[in-house]
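One structure below.
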Amino acid sequence: MMALLAPWWRDRSLRERWLLALMLALLAGLVVWLGLLRPLAGARAAAVADASAAHARLAEAEALAAAIRARPGASAAPLLDLINRRLSEAGLQASRLEAQGAGQAVLEIAAINGRLLIGWASALERRDGLVIEELIASRNPDQSVRVRLLVRKAA
């Protein structure tokens, strides 16, 4: 290959050789830029974005872990008594409340406002350390809801 290019190169004038050498240098620079530097810059930007997303997920997980650690333990009071007390505080009437094994209870409320239900149930979890295992709700004709809750003490 060099044997074929050497005579061709010698036939070029000094000015053409300089221009060809400059063109080859620019071409080599372009190949390095497009083939090496630009992909590395893109990979670096993607790595920085991934790292910031991972930091955000870590902060969220740490906040959740702190919230779980700050959550109160289960009350020492019997579960049915605790639920009855919280029902009476909220002015609610249970249509059915019975124990379902150790530390579990089934609660049914015939008619309750949906928003009140969600707030009341989350307060049970937040304030009393109870866990709502199951919540089944159906709409009544008067836009209230009929609800069945399976509640257990947190472990």
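Quick caveat, the model's predicted, so the values are computed rather than measured.
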Hydrophobic cluster (4.5 angstrom, side-chain heavy atoms) - remaining members for Val106: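 Under the 4.5 Å side-chain rule, Val106 groups with Leu150.
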List, by chain and then residue number, the residues other than Leu26 in its hydrophobic cluster (Ile/Leu/Val/Met/Phe/Trp/Tyr, side-chain heavy atoms under 4.5 Å); write none if there are no others.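 Members besides Leu26, by chain and number: Leu22.
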Is the shortest side-chain heavy-atom distance between Ile109 and Leu87 below 4.5 Å?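 With C-beta onward as the side chain, the pair touches.
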Rounded to the nearest 0.5 Å, what separates atom [atom1] in [X] from atom [atom2] in [Y]?
| X | Y | atom1 | atom2 | result |
| --- | --- | --- | --- | --- |
| Asn84 | Leu79 | CG | CG | 10.0 Å |
| Arg148 | Leu107 | CZ | CG | 10.0 Å |
| Ser88 | Ile83 | OG | CD1 | 12.0 Å |

Hydrophobic clustering (ILVMFWY, side-chain heavy atoms < 4.5 Å, transitive) - are [Y] and [X] grouped together?
| X | Y | result |
| --- | --- | --- |
| Leu124 | Leu135 | yes |
| Met23 | Leu30 | no |
| Leu34 | Leu37 | yes |
| Ile136 | Ile112 | no |

Check: Glu125 side chain, Ile132 main-chain N or O, donor-acceptor pair, under 3.5 Å: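 A pair under 3.5 Å: yes.
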Side-chain donor or acceptor of Arg17 paired with backbone N/O of Arg10 under 3.5 Å: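 It does hold such a pair.
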Within residues 89-117 or reaching into it, pairs that qualify as side chain to side chain donor-acceptor pair (under 3.5 Å) - sequence neighbours excluded: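 Residue pairs with at least one partner in residues 89-117: Arg86-Glu89, Arg96-Glu98, Arg96-Glu108.
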Using every non-hydrogen atom in the two residues, find where Ala3 and Pro7 come nearest and quote the distance to one decimal.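 Looks like O-CD, 2.9 Å.
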Only counting residues at least two apart or in another chain, list the ones meeting side-chain hydrogen bond (donor to acceptor under 3.5 Å, both in side chains) with Glu60.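 Testing Glu60 for side-chain hydrogen bond (donor to acceptor under 3.5 Å, both in side chains), a comparison that skips the adjacent residues, returns none.
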So, using side-chain hydrogen bond (donor to acceptor under 3.5 Å, both in side chains) as the criterion, who are the partners of Glu16 when residues are at least two apart?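 Counting only residues at least two positions away or on another chain, Glu16 forms no side-chain hydrogen bond (donor to acceptor under 3.5 Å, both in side chains).
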How about CH2 on Trp18, more than 12 heavy atoms from neighbouring residues, nucleotides or ligands closer than 6.0 Å, or not?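 Counting neighbours around CH2 of Trp18, 12 or fewer heavy atoms of other residues, nucleotides or ligands fall under 6.0 Å, so no.
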Donor-acceptor contacts under 3.5 Å from residues 137-144 side chains, at least two apart:
residue, atom, partner, partner atom, Å
Arg139, NH1, Gln143, OE1, 3.4
Asn140, ND2, Ala110, O, 2.9
Asn140, ND2, Ser144, OG, 3.0
Asp142, OD1, Ser144, N, 3.2
Asp142, OD1, Ser144, OG, 2.6

Please report the C-alpha distance between Trp120 and Leu149 in whole Å, then the side-chain angles of each, then the deciding distance to 0.1 Å, and finally whether the side-chain contact (heavy atoms from CB on, under 4.5 Å) criterion is met. CA-CA 12 Å; Trp120 182 79; Leu149 297 164; 3.8 Å; yes
Take Glu133 and Val151 through the test side-chain contact (heavy atoms from CB on, under 4.5 Å) and record every step on the way to the result. CA-CA 6 Å; Glu133 285 285 322; Val151 182; over 6 Å; no
